[in-house]
Amino acid sequence: MKERKKLRKTKEKLPMSQKPRISYQKILFTADLVAYCFALNTSQVLASDMWTQAESIMKDVYNKILGISTIAAIVTASTALLMMNFSKSGKTVDESRAWLKRIAITWVVLNSLGFVLAYITPFFSDGKWNG
């Protein structure tokens, strides 16, 4: 009779403290192992050279910076010109002329960086003059 009671108890649901716990450490280890094996099996046939990819990214970023800087230079230069033309104070006119010079110089320097990178840098490739 006592054995039947024990059998009934084992068939009943276990309390929360006695339930087997999920091992998250094992799950994470398995997921990491699967990801690692997947990364090892990927083919890199279609991947481009790292330096070629970096060069194309830098050219794209530089072109976007040039576009933004050109728009910003036009807006700020037009503001300086408007201040020069419609100001009654000599001090404001002098300050706007100084700002106009700074804007023009900065815009020329930013645009000349592309010229240096495109035309002058190849002469110094491999650390030697190739002219």
Side-chain angles (χ1 to χ4, degrees):
M1 194 72 158
K2 289 182 182 180
E3 292 176 12
R4 286 186 181 176
K5 286 184 182 179
K6 284 183 183 178
L7 286 174
R8 270 193 243 150
K9 284 184 182 178
T10 56
K11 289 181 182 178
E12 293 176 3
K13 292 185 177 181
L14 293 172
M16 193 63 129
S17 62
Q18 294 179 358
K19 283 189 177 179
R21 294 184 180 242
I22 298 172
S23 175
Y24 292 108
Q25 189 175 12
K26 288 181 181 178
I27 293 172
L28 287 174
F29 176 75
T30 306
D32 286 343
L33 188 63
V34 168
Y36 181 68
C37 290
F38 178 76
L40 287 177
N41 289 327
T42 55
S43 176
Q44 296 183 3
V45 173
L46 300 176
S48 63
D49 184 25
M50 180 176 75
W51 301 113
T52 308
Q53 189 68 23
E55 182 180 356
S56 67
I57 290 171
M58 290 300 292
K59 284 182 182 178
D60 185 44
V61 169
Y62 178 72
N63 287 334
K64 289 181 181 181
I65 288 173
L66 277 184
I68 292 170
S69 69
T70 301
I71 292 170
I74 290 170
V75 169
T76 53
S78 63
T79 305
L81 286 171
L82 286 172
M83 287 177 64
M84 269 177 44
N85 289 330
F86 295 113
S87 176
K88 295 179 181 178
S89 168
K91 183 179 177 184
T92 307
V93 172
D94 292 338
E95 287 179 1
S96 58
R97 272 194 192 128
W99 273 106
L100 193 59
K101 288 178 188 176
R102 290 182 196 132
I103 292 165
I105 290 170
T106 305
W107 186 80
V108 167
V109 166
L110 280 174
N111 282 315
S112 64
L113 286 175
F115 173 76
V116 168
L117 291 175
Y119 297 107
I120 297 177
T121 305
F123 290 127
F124 296 102
S125 64
D126 299 329
K128 300 174 187 173
W129 173 256
N130 297 327

### Task
Output all residues satisfying side-chain contact (heavy atoms from CB on, under 4.5 Å) with Thr92, sequence neighbours left out; order by chain, then residue number.
Met83, Ser87, Ser89
## Note on the structure
Residues passing the salt bridge (Lys or Arg N to Asp or Glu O under 4.0 Å) test with Asp60, sequence neighbours excluded, are Lys64
### Query
Any side-chain heavy atom of Lys59 within less than 4.5 Å of one from Ser56?
no
### Query
Can you list the other members of the hydrophobic cluster that holds Ile57, where links are side-chain heavy atoms under 4.5 angstrom apart?
Val61, Ile65
## Note on the structure
Residues at least two apart in sequence or cross-chain that pass side-chain hydrogen bond (donor to acceptor under 3.5 Å, both in side chains) with Lys101, listed by chain then number, are none
### Query
How is the hydrophobic cluster of Leu66 composed, in terms of its other members, when Ile, Leu, Val, Met, Phe, Trp and Tyr link through side-chain heavy atoms under 4.5 Å apart, directly or indirectly?
Tyr62, Leu110, Leu113
### Task
Indicate the atoms forming the closest heavy-atom contact of Ser69 with Trp107, along with that distance.
O-CD1, 4.1 Å
### Task
For residues Ser96 and Ala80, report the shortest heavy-atom separation together with the two atoms involved.
CB-O, 3.5 Å
### Task
State the CZ-CG distance between Phe86 and Leu81, to the nearest 0.5 angstrom.
10.5 Å
#### Entry: Side-chain hydrophobic cluster, 4.5 Å single linkage: members besides Ile103
none
### Message
Nearest 0.5 Å, please: how far is OG1 in Thr30 from CD in Gln25?
### Response
10.5 Å
